[in-house]
2 protein chains.
Amino acid sequence: MAKQIKIKEIAKMAGVSAGTVDRIIHNRGHVSPESQAAVEQALAETGYKYNLHTSAISLKREYSLIITIPTAVEGEYWGFVQKGIEHALEEYSDIAIDHSYAFYNQFDIFSCKSAFERIPDMKPSAVLIGATFASETRILCRRLEDAGIPYAFVDSVIEDTHPSVSYSSDQNICGRIVGRLLNLMTPRDSELAIFSTRRIGNERALNSMARMTGLHAYFKGIKSRRVIKESKVSVIEPATSRKDILDFLQKNPDVKGIAVLNSRGYILADTLAKNGINDVKVVTFDLTVNNMRCIQDGTISAIIGQRPELQGFHAVKAMLRILLYNIKEKDAHHLMPTDIIIKENLPVYKEIFID
Amino acid sequence: MAKQIKIKEIAKMAGVSAGTVDRIIHNRGHVSPESQAAVEQALAETGYKYNLHTSAISLKREYSLIITIPTAVEGEYWGFVQKGIEHALEEYSDIAIDHSYAFYNQFDIFSCKSAFERIPDMKPSAVLIGATFASETRILCRRLEDAGIPYAFVDSVIEDTHPSVSYSSDQNICGRIVGRLLNLMTPRDSELAIFSTRRIGNERALNSMARMTGLHAYFKGIKSRRVIKESKVSVIEPATSRKDILDFLQKNPDVKGIAVLNSRGYILADTLAKNGINDVKVVTFDLTVNNMRCIQDGTISAIIGQRPELQGFHAVKAMLRILLYNIKEKDAHHLMPTDIIIKENLPVYKEIFID
DNA sequence: AGTAAATTTGTGCACGTACACGAGTGTTGT
DNA sequence: ACAACACTCGTGTACGTGCACAAATTTACT
């Protein structure tokens, strides 16, 4: 095992004291250019890695982290994101991190606005954003930037912002996967349909749009001539959408595969099952408890998973790296793996392997 | 954030010194029954969690870890396992862990025997085993148990042994997935074939067997009448198997889907491509560089991934938990997720997210 | 009872880093 | 030339735990 280089050794190499090295590592300033250069060279030469363990115990600053995401419900997408966040915070529980959540209703822009408005005034050390409404998010980011507060994105990235780091999935790829799966699972001469969420200025809808683009791109890529109907049914609440779903299927009897481009595939699946329709394959997003149940039943054929826990987990860890050590990565945008979950491998996806 | 309870506070509660608490936590003995009881009660009341960070820095013992796995080649299965192992060791690099590898040839039982024989004499603190040959492994485990040396399994678990922990995939599930995928990707009236590795007393072959069982189970479960040929072609070396492969296909022209139940699917795929056969779908195992290339080419349709890095990573972490803190888990056998990788999601699987 | 031995218990130092404080150096203005 | 100031830099202490060693207590035996 390679011996760890310690701050004192760096100090000796650079001909300065340990305190100076510390100042440089933490970007605290008050260091002469010569010392800076000498130490940086020593750091580079030795490939110094700060010892997180000891640095944690001697840390005296207190950090406050605000996490603003759509209301996290256990067993649903944002619930898993929160789980990952909590997991990371627990791992760093010996650092004084005061964290608080600012939840908002992902279908109500006003709840988002009022949640976002208060954040900069609370003067947090950093903010974790699960964005839904692009314009509101941009305003928040702008204010955070002005205040010098770093922020990170989970789940999606908003254009024209400058997050320290982001963890999300490539929604276009997700859409392509859905395309391929539906194409495989349905007869060549049958039609396909897309159910998605439509809301203007809603980033969730932007996710859906990217997925849709990917799906169409897949069929274009394989030069398929299959008919793909875009339903205007908004699959959000079971009660309201049930009738719309049945209407749609009655009008489009050749549709044998449906992509639900949000996480509400179970609503469609349940409706189909209740009405004895079992020759229509459903593919949807996110390993929520309801969707998992449908996979097990066989009413949903495949789920695209995006590792929400891992996104929350890594976002927090990255934020702490930035807060504690000002470590900036080259490429701050991380794409998470896109998992394909079917009945057979569902059980082994239930145990979550973060950290 | 809940305040951490420290050893000193426990000591005060129990009316003893910190040293005594330390002795009890580490089972060092030399403690009176009264102190023992008092401290244990205090520990239970407060739900004390040792601080891994600080304990690591003050740790003075040296640990030695032997990792005995099939020769790790970069970009192949065991190479990824090793990557995960190294990653975990790096995370704990402030603990004095002396680790060494005892590689063996997974196709040569004598190399395995001679690698295993030496291990107990080296008196390691713990051993990590990537098992291939069941009987040899059993002998090793037996000797380790007699010497009181804990050991862990990665990739596969051998019957009649008592590992402290294991990280592996459910091979039966893997086989079922392959079954479903091939069934989806090929015409209903076409035949399927299985290529696998056959070696008596070879656990790699046992893995193959479990996969085969799972595959057949899938087709039985859906009451399919498809013909599944079991080829005796051993897909190990490109040169030797090429002719056999072509012979097989010539004799079985209706085979349109082939499951290669080891990680050498690329050999079959390359052979098919070179001979202009592009209507036979191939599914195989493990995200090796060669298989990834074939996925990208489209010559392999799907790969089953088993998260080898994560297996190595977690196995080491679990071993260290056991060595350092004697933490025994309830259920020591962990099943890793079984990923389905196709052309579309291959890019996002390339970045590995361990820890 | 008195002493030696055995056992339990407390104390102090070390680990590597963070950060406050004060010492040291240089610069500017009168 | 000297004071006042700005800035850089080194020293010392604290963090929570592991572990060696010494101190205190109990036990055993003459």
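Chain letters run A, B, ... following the sequence lines, proteins first and then strands; every chain starts at 1.
- A 4.5 Å side-chain heavy-atom check between A:Y50 and A:L324 finds every atom pair outside the cut-off.
- Contact annotation: A:Y48 side-chain N/O to C:dG16 OP1/OP2 distance is not under 4.0 Å.
- The aromatic ring centroids of B:Y167 and B:F313 lie 6.0 Å or more from each other.
- With sequence neighbours excluded, the residues forming a salt bridge (charged side-chain N to carboxylate O under 4.0 Å, His left out) with B:E136 are B:K113, listed by chain and number.
- Legend: residues meeting side chain to side chain contact (heavy atoms under 4.5 Å, CB included) with A:S125, ordered by chain and number and at least two apart, are A:Y63, A:S64, A:L323.
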Look for any protein N or O under 3.5 Å of an N or O in nucleotides 8-10 of chain C and output each such pair with its distance, or none.
from	atom 1	to	atom 2	distance (Å)
C:dT9	OP1	B:S32	OG	2.7
C:dT9	OP1	B:S35	OG	2.6
C:dT9	OP2	B:S32	N	2.9
C:dT9	OP2	B:S32	OG	3.3
C:dT9	OP2	B:S35	OG	3.2
C:dG10	OP2	B:S17	N	2.5
C:dG10	OP2	B:S17	OG	2.9
C:dG10	OP2	B:T20	OG1	3.1
C:dG10	N7	B:R23	NH2	3.1
C:dG10	O6	B:R23	NH1	3.2

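- Separating the CD1 atom of A:I95 from the P atom of C:dA18 is a distance of 10 Å, rounded to the nearest angstrom.
- Taking A:S35 as the reference, A:V16, A:T20, A:V31, A:S32 meet the side chain to side chain contact (heavy atoms under 4.5 Å, CB included) condition, with sequence neighbours excluded.
- By the salt bridge (charged side-chain N to carboxylate O under 4.0 Å, His left out) test, A:D121 is found to be paired with A:R143, residues two or more places apart in sequence or in another chain being considered.
- Remark: C1' of C:dC19 and CD1 of A:I7 are 12 Å apart, rounded to the nearest angstrom.
- When the side chain to side chain donor-acceptor pair (under 3.5 Å) test is applied to B:T161, no partner is found at least two apart in sequence or on another chain.
- Here A:E145 pairs with A:C141, A:Y151, A:H162 under the side chain to side chain contact (heavy atoms under 4.5 Å, CB included) rule; sequence neighbours left out.
- If you measure from atom NZ of A:K12 to atom P of C:dG16, you get 12 Å, rounded to the nearest angstrom.
- With the end axes of the helix from C:dA1-D:dT30 to C:dT30-D:dA1 each set by five pairs, the angle from one to the other reads 50° at 10° resolution.
- Note: CD1 (A:I24) to P (C:dC19) measures 15 Å, nearest angstrom.
- Chain A approaches DNA chain D within less than 4.0 angstrom (heavy atoms of the protein), and the contacting nucleotides run 5' to 3' from D:dT8 to D:dC15.
- When the side-chain nitrogen and oxygen atoms of A:K60 are compared with OP1 and OP2 of C:dA18, none of them lie within a distance under 4.0 Å.
- Put simply, CG on A:N51 is 8 Å from C1' on C:dT17, counting in whole angstrom units.
- Listed by chain and residue number, nothing satisfies the side chain to side chain contact (heavy atoms under 4.5 Å, CB included) test with A:S58 (two or more places apart in sequence, or in another chain).
- For B:E76, there are no salt bridge (charged side-chain N to carboxylate O under 4.0 Å, His left out) partners two or more places apart in sequence or in a different chain.
- The base of C:dT17 lies close enough to the side chain of A:S58 for a donor and an acceptor atom to sit less than 3.5 Å apart.
- Under the salt bridge (charged side-chain N to carboxylate O under 4.0 Å, His left out) criterion, A:D22 pairs with A:R28, sequence neighbours left out.
- If you take CZ of B:R61 and C1' of C:dC15, they are 17 Å apart, rounded to a whole angstrom.
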